[in-house]
Colleague: 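Handing you this structure, nothing more for now.
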2 protein chains.
Amino acid sequence: MLKIETLRAYVTVARSGNLSDAAEVLGRTPSALSMMLKQLEAHLDEPLFETDRKNRLTALGAFVLEQAEREVQHFDTTVRAIEGYARAVYGRVRIATVPSVAGTIIPQVFSRYINDFGEVDVEVRDMDSSSIRHELSRNRIDIGIATKGKHDAGLHSELLLSDEFGVICAPDHPLAQQDGPVSWAELAEHRLIANSLSAGIEAAAARDLHAQALLTAQNLTSIFGMLRAKIGVTLLPEMAISAAAVGELVFRPLADATARREIHLLRKADSSISPAARFLEECIKETVATLQVGSEAALDAARLSDAP
Amino acid sequence: MLKIETLRAYVTVARSGNLSDAAEVLGRTPSALSMMLKQLEAHLDEPLFETDRKNRLTALGAFVLEQAEREVQHFDTTVRAIEGYARAVYGRVRIATVPSVAGTIIPQVFSRYINDFGEVDVEVRDMDSSSIRHELSRNRIDIGIATKGKHDAGLHSELLLSDEFGVICAPDHPLAQQDGPVSWAELAEHRLIANSLSAGIEAAAARDLHAQALLTAQNLTSIFGMLRAKIGVTLLPEMAISAAAVGELVFRPLADATARREIHLLRKADSSISPAARFLEECIKETVATLQVGSEAALDAARLSDAP
DNA sequence: TCCTGAATTTCAGCAAATCTGAAATTTACT
DNA sequence: AGTAAATTTCAGATTTGCTGAAATTCAGGA
């Protein structure tokens, strides 16, 4: 049966015009090549070379050279693609994250690892957590960075980082006049502007506050506008504000340490991800780990470098 | 190193979803396939299947399947092309012959061997002998059927058949009133219409006649027109007239048996021809041999069957 | 949860293919 | 014709690949 290595040997010999040089190139002895070509000619039952010296091809030889050359090249290309994909130097990764991570962690990941990505094509999108989970389950993205859903079946999750909620208000708001954590009772005395992220806080006190809230805003721009207009205060995870251009607003942490948003690395549980996706995941986790070594200090540094 | 047979094994297993069926298809044992795939996975340093049962692929597995499938198909196509070319069931042969052979022998060849030509693409052209030799030496055709040149260097020749010259004249011409061979002396008493074929006769008497000839015509139609108008007689090889629609003309052989046109099978001496060309050559020679078994009778038969 | 049968993997030994190095042969060139 | 280089041949060594049996793993039912 015809083998690629036979064709490769023939191409090398036919092109170099003699066995010894070809043997050098291929890293075998001339005698091995001689036997290989003999076998090929026996298989075709026709000579490929005009003379014993391999410097002139028969008509069949010329035809085989053309075909074999094309074939060997095609094969090598395929092998490169397969090996490249396996070693994550080639491929495509589609990732979707919540905006705050898209604006903080992700840029860090790329600035650290961009050189290791080779030919990998990374597609980043930002969307809200439930959309991310939906896109994941429909196989529209490979990796998601989002909060977990109540009962997301078929998704594998891994805690990436947890993000402390705090109170945001205008600098001349009464709550901005003091430092330190804010208690639920303290917060209850001010008008709350609810938002989709704060609605996720599970503490009972938070639920009560939301039940009484009169205003709900969805996007950061409008929330921040209301804060500056001193209409009220809001609750947001720390990263959500650091990712945006905050301008003149004050952040005070919540006294209730359970009020956190937990951001997970999500992927489909049943199907495997490509090596490139796995590699990107590793880069993200390592980046997060590094940033958390110096705890908040490192996170702050990340934020600063991210807001020129 | 990655081998085609490994890719083929992987494709078969990935498509059938289990080892045993694939082993059946490939004609090996499941254990052989198991080891092959293990080796492939080790080479890529990544799993190709989700579970030990081979019915679900990893992301890498899906990618490799796609690539390997394409590759195996490409390889098989190449091998078919090479083997087909070698066995002369595939290829192209360009052949040029003098018109008389194009009109007699060649149709016979095809009617006998057409079924053996498979996918071979045969191109037939007719032209005069010197053009044929020229085209051959420029590698524009693979096989030529023509008379030899004076000093055609680099051409291999082989006598195919020799064709007796004779006198052609109108039925009411004086020479048509008798049977049997015509002597040079007899012929000298009539006006000769010279032509490019008769000019090639080497006999001294023929040269004298040509020196005195007043008319020279190149193509058969005009020659025959002149014969019918009783302007004179001409000398032509027997096949040249049998190949054409002769109509009402009389042929009498020459007494001088040396006046023959020798038609050769020509090809370039240095470069080899393709297996398909070689096969066609064989077919032509065999056809000629068969026709000559019954000597002239057979040739006559050929002519008859060729002029419906 | 355990059992059962099927599928797969492992292992050892065997067979086939391929390689090497030396010697013999052929070829091209002087 | 002689010589040097290239190629082929040959035998032995090595590697690779395959088989068949046994062990293991797995899926599905009791």
Colleague: Expressed as a whole number of angstroms, how long is the span from Leu19(A):CG to dC19(C):P?
Modeller: 13 Å
Colleague: Does Lys38(B) place a side-chain N or O at less than 4.0 Å from the phosphate oxygens OP1/OP2 of dT8(C)?
Modeller: no
Colleague: Atom CD of Glu41(A) to atom P of dT7(D): distance rounded to whole Å?
Modeller: 13 Å
Colleague: Round to the nearest Å and state the distance from Leu37(A) atom CG to dC19(C) atom C1'.
Modeller: 15 Å
Colleague: Would you please say whether a donor-acceptor pair under 3.5 Å links the side chains of Ser130(A) and Asp128(A)?
Modeller: yes
Colleague: So what does Ser20(A) touch, heavy atoms closer than 4.0 Å: a base, only the sugar-phosphate, or nothing?
Modeller: sugar-phosphate
Colleague: Would you check if Leu136(A) and Asp152(A) make a side-chain contact, meaning some heavy-atom pair closer than 4.5 Å?
Modeller: no
Colleague: Rounded off to whole Å, could you give me the CD1-to-P distance for the Ile4(A) and dA17(C) pair?
Modeller: 19 Å
Colleague: Would you mind reading off the distance between Glu50(B) atom CD and dA7(C) atom C1', rounded to a whole angstrom?
Modeller: 18 Å
Colleague: Does OP1 or OP2 of dA6(C) have a side-chain N or O of Lys54(B) closer than 4.0 Å?
Modeller: no
Colleague: Categorize Glu5(A) for me: base, sugar-phosphate, or nothing, with a 4.0 angstrom heavy-atom threshold over every strand shown.
Modeller: nothing
Colleague: In terms of side-chain geometry, is the basic nitrogen of Glu281(A) or Arg278(A) positioned less than 4.0 Å from the acidic oxygen of its partner?
Modeller: no
Colleague: Distance check: side-chain N/O of Lys3(B) vs OP1/OP2 of dA17(C), anything under 4.0 Å?
Modeller: no
Colleague: When you get a sec, tell me which of dT9(D), dT7(D), dT19(D) is the closest nucleotide to the side chain of Asn18(A)?
Modeller: dT7(D)
Colleague: Can you find an N or O donor on one side and an acceptor on the other, under 3.5 Å apart, linking the side chain of Arg53(B) with the base of dC26(D)?
Modeller: yes
Colleague: Calculate the interatomic distance between Asn55(B) atom CG and dA27(D) atom P; express it in whole Å.
Modeller: 8 Å
Colleague: Between Phe49(A) (CZ) and dA28(C) (P), how many Å, whole number?
Modeller: 15 Å
Colleague: Measure from the side-chain heavy atoms of Ala32(B) and tell me the nearest of dT8(D), dT9(C), dC18(D).
Modeller: dC18(D)
Colleague: Kindly say if Gln39(A) contacts the phosphate of dT18(C), meaning a side-chain N or O under 4.0 Å from OP1 or OP2.
Modeller: yes
Colleague: Are any non-hydrogen side-chain atoms of His43(A) and Glu83(B) less than 4.5 angstrom apart?
Modeller: yes
Colleague: Can you tell me which nucleotide in dT10(C), dC19(C), dT8(D) comes closest to the side chain of Ser31(B)?
Modeller: dT10(C)
Colleague: Taking CE from Met36(B) and C1' from dT9(C), how many angstroms apart are they, rounded to a whole number?
Modeller: 16 Å
Colleague: How about Glu135(B) and Arg94(B): do any of their side-chain heavy atoms sit closer than 4.5 Å?
Modeller: no
